[in-house]
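Before we start, here is the structure in question, set down as structure tokens.
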Amino acid sequence: MKDSLIEILVCPVCHEPLELKDARRDEKEIISGFLRCEKCNHDYQIADGIPNLLPPDMNN
Amino acid sequence: MTAETSSRPLYHIFTRIPQRYDLINHVITLGMDTGWRSRAAQACLEGRPNRILDICCGTGDLAITIAKLADYSPEITGADYSRPMLEIATAKAKMLSQGQNIRFIHADVGRLPFPNGSFDCIGISFAFRNLTYKNPETPKYLDEILRVLRPEGRFVIVESSQPGSAFIRFFDHLYLRCWVFPSGYLLSGNRGAYRYLLDSALHFYSAEETQKFLLKAGFRQITAHRFFFGAAAVYAALK
């Protein structure tokens, strides 16, 4: 995923902004890492460039 | 898997056979889905929106078609709850999007990860029926679509419909029973999913009923363009 995508993403549960953590990148994009919601205390995983922003109860 | 996802038979086809999903769609629609989707993409691009969201994007066909048809560089985002579909969408977009900016995210339409009013246009290709046919979550989905659409933003739907003429409807239902269901079942191996598709297509709204449904949900200035004697339609509605 591109960095610009983070600007339009929020937590799907509380709609607060997300903070990028532990990002690993190639030349163009973020390949893996986490998008952290401080309010919900939840990390949304980025894997193979695709961020998983399903609410936590849908990931179980 | 949650109760919501396990109760929807199409979830299995979305997660288990994505490699064949595009092929099955082309076969069961006799290749007509491509043209109908192009009409929806053109409707999405009316007014040259900057931010476009393709919900229930599956393997990304609507998002990629929008990217191909755009003569400018909109930000196109695809969202779907099936990770395998998104992996195919990402790979296809790299090959087919002609350098346009398409991003895919794993998300559910009922709880979208975007602020209010984020998008100028939202499109949905052959999945509106899944969100609204005998689905108890329908009000949540429509509220969420309206939430992330900006005021005056457009919602574009391409979906199967009911032909107005009883004579044409008879042959349309014959086609659904004798071609769509058996070919989908044989190619996918998933009887339940294509039984659901058959039942939902046989009983889904006509174009007039869909327009009334959208009006009741809070959309306005709703237009419908019918195809294949009314067996499919592209709708555009404003928030």
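Chain letters run A, B, ... following the sequence lines, proteins first, then strands; residues in each count from 1.
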Between side-chain atoms of residues 4-22 of chain A and protein atoms elsewhere (two or more places apart, or another chain), which donor-acceptor pairs fall under 3.5 Å?
from, atom 1, to, atom 2, distance (Å)
A:S4, OG, B:R103, NH1, 3.4
A:H15, NE2, B:R147, NH2, 3.4

Exercise. Between CZ of B:F114 and CG of A:L53, what distance do you get to the nearest 0.5 Å?
Worked result: 8.0 Å

For this session: Give, for atom OG1 of B:T77 and atom CE of A:M1, the distance between the pair rounded to the nearest 0.5 Å.
Result: 10.5 Å

Problem set entry | B:R39 atom CZ, over 12 foreign heavy atoms within 6.0 Å | no

Problem set entry | Non-hydrogen atoms of B:H106 and A:I50 that approach each other most closely | N-CG2, 4.1 Å

Exercise. So which part of B:I105 gets closer than 4.5 Å to some heavy atom of chain A, the side chain, the backbone, both or neither?
Worked result: both

Exercise. Can A:D57 and B:R111 be said to form a side-chain contact (heavy atoms from CB on, under 4.5 Å), step by step?
Worked result: CA-CA 11 Å; A:D57 61 311; B:R111 283 175 284 178; 3.0 Å; yes

Exercise. Can you tell me if OH on B:Y185 sees more than 12 non-hydrogen neighbours from other groups inside 6.0 Å?
Worked result: no

